[in-house]
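Let me begin by presenting the structure, written as structure tokens, before commenting on it.
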Amino acid sequence: METPQKIRHGTVEWFDMVGTIMVKGAERAGLPADLSISLVERYTDGIALPGGMVPGLRFEIVTGKPSFRVGAYPDERADLLVEISAAAAKTLNTLQSADPRYRVALDEFVQRGEMRVAGDITRLGDWLGAAHDPIVARTK
């Protein structure tokens, strides 16, 4: 089996890879045609992107069709909002979901305020969790 190309965490190319994996996962999940939901994940620190954006992405499902945009605006709103430090994101995106350290790190980041989640992320469905390990496999 071919080893996937690793992409440096937090780069524009990396967010593009993440969005692509999320879209493919959502498409395979057979989303209901009436599902419309938005997710913004943005880093609370890091190098600004062009156009006033910060590192992150906007992922949307509009009438069952997923899409994404690399970059997030600092005050951008969505149904689901994840704000996380770049260091916390890198830690989580280098640990497989079955690794016991993943859950411990996730809980610690939330407790310390390095990660904040607004909205019910489970509304996206099980496919989102399944996207995590392929992202880890491509992250350096």
Side-chain angles (χ1 to χ4, degrees):
M1 181 169 195
E2 187 177 319
T3 303
Q5 177 189 0
K6 301 266 188 173
I7 302 170
R8 189 166 58 89
H9 180 269
T11 62
V12 169
E13 295 79 14
W14 184 83
F15 282 109
D16 186 62
M17 175 269 297
V18 169
T20 299
I21 287 174
M22 289 174 66
V23 164
K24 288 178 181 175
E27 288 172 343
R28 281 192 299 272
L31 302 172
D34 63 346
L35 178 62
S36 292
I37 191 166
S38 58
L39 163 73
V40 167
E41 179 173 333
R42 66 175 158 249
Y43 288 7
T44 55
D45 55 1
I47 298 170
L49 300 177
M53 290 188 186
V54 297
L57 61 80
R58 180 177 185 87
F59 180 83
E60 293 183 307
I61 299 170
V62 178
T63 59
K65 304 281 188 244
S67 64
F68 75 96
R69 177 194 72 222
V70 172
Y73 291 101
D75 295 322
E76 187 169 5
R77 294 280 160 244
D79 299 312
L80 311 167
L81 179 63
V82 177
E83 295 180 302
I84 188 167
S85 72
K90 182 163 186 179
T91 297
L92 295 175
N93 287 305
T94 56
L95 293 170
Q96 295 286 328
S97 59
D99 187 326
R101 296 174 298 168
Y102 175 78
R103 192 74 198 153
V104 169
L106 184 65
D107 291 343
E108 285 179 5
F109 294 142
V110 170
Q111 283 183 334
R112 292 195 309 241
E114 287 184 63
M115 179 178 181
R116 293 180 298 279
V117 178
D120 181 2
I121 207 89
T122 63
R123 288 182 54 206
L124 285 172
D126 294 339
W127 66 265
L128 182 61
H132 178 77
D133 289 346
I135 291 168
V136 171
R138 301 276 319 268
T139 300
K140 69 174 173 182

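In terms of heavy atoms, Leu95 sits closest to His132 at O-NE2, 2.8 Å. Shown here for Arg103 and Leu106, the closest heavy-atom pair between the two residues is NH1-CD2, 2.8 Å. What you find for Gln96 and Ala137 is that their closest heavy atoms are NE2-N, 4.3 Å. Across all non-hydrogen atoms, the minimal contact from Thr94 to Val136 is C-CG1, 3.9 Å. Residue Ile135 comes nearest to Met17 through the heavy atom pair O-CE, 4.1 Å, listed as atom of the first residue, atom of the second, then distance. Nearest heavy atom pair, residue Phe15 against residue Leu57, reads O-CD2, 3.9 Å.
Arg69 places a side-chain N or O within donor-acceptor distance of the main-chain N or O of Gly71, the cut-off being under 3.5 Å. In this structure, Ser38 contributes its side chain and Glu60 its backbone to no donor-acceptor pair below 3.5 Å. The closest donor-acceptor contact from the side chain of Asp45 to the backbone of Ala86 lies under 3.5 Å. Distance alone, capped at 3.5 Å, is enough to place a donor-acceptor pair between the Arg42 side chain and the Pro74 backbone.
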> Would Leu39 and Ile121 satisfy side chain to side chain contact (heavy atoms under 4.5 Å, CB included), going step by step from the backbone distance to the final call?
Replying inline: CA-CA 9 Å; Leu39 163 73; Ile121 207 89; 3.9 Å; yes
>> Test side chain to side chain contact (heavy atoms under 4.5 Å, CB included) on Met115 and Leu92; report intermediate values, then the result.
In response: CA-CA 11 Å; Met115 179 178 181; Leu92 295 175; 4.0 Å; yes
>> What verdict does the side chain to side chain contact (heavy atoms under 4.5 Å, CB included) test give for Val40 and Arg77, after you've listed the backbone C-alpha separation in whole Å, the side-chain angles of each residue and the deciding distance to 0.1 Å?
In response: CA-CA 7 Å; Val40 167; Arg77 294 280 160 244; over 6 Å; no
> Could you go step by step and tell me if Thr91 and Arg101 meet the side chain to side chain contact (heavy atoms under 4.5 Å, CB included) rule?
Replying inline: CA-CA 10 Å; Thr91 297; Arg101 296 174 298 168; over 6 Å; no
>> Determine whether Ser97 and Asp133 satisfy the following criterion, side chain to side chain donor-acceptor pair (under 3.5 Å), listing intermediate values before the conclusion.
In response: CA-CA 6 Å; Ser97 59; Asp133 289 346; 2.9 Å; yes
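Cluster annotation: Leu81 is not connected to Phe68 through the hydrophobic network of ILVMFWY side chains, with a link wherever side-chain heavy atoms come within less than 4.5 Å.
Residues Arg58 and Glu76 are paired through a salt bridge, judged by an N-O separation under 4.0 Å between the basic side chain and the carboxylate.
The environment of Arg112 atom CZ is dense: over 12 non-hydrogen atoms of other residues, nucleotides or ligands sit within 6.0 angstrom. Around CG of Asp120, the count of heavy atoms belonging to other residues, nucleotides or ligands within 6.0 Å exceeds 12.
Inter-residue side-chain proximity for Ile37 and Phe59 is flagged as unmet; no heavy-atom pair is nearer than 4.5 Å. When side chains are defined from C-beta on, Leu31 counts as touching Trp127, because their heavy atoms get closer than 4.5 Å.
For His9, the ring-ring contact (aromatic ring centres under 6.0 Å, His included) test picks out Trp14, Tyr43, with sequence neighbours left out. Arg123 pairs by the salt bridge (charged side-chain N to carboxylate O under 4.0 Å, His left out) definition with nothing, not counting sequence neighbours.
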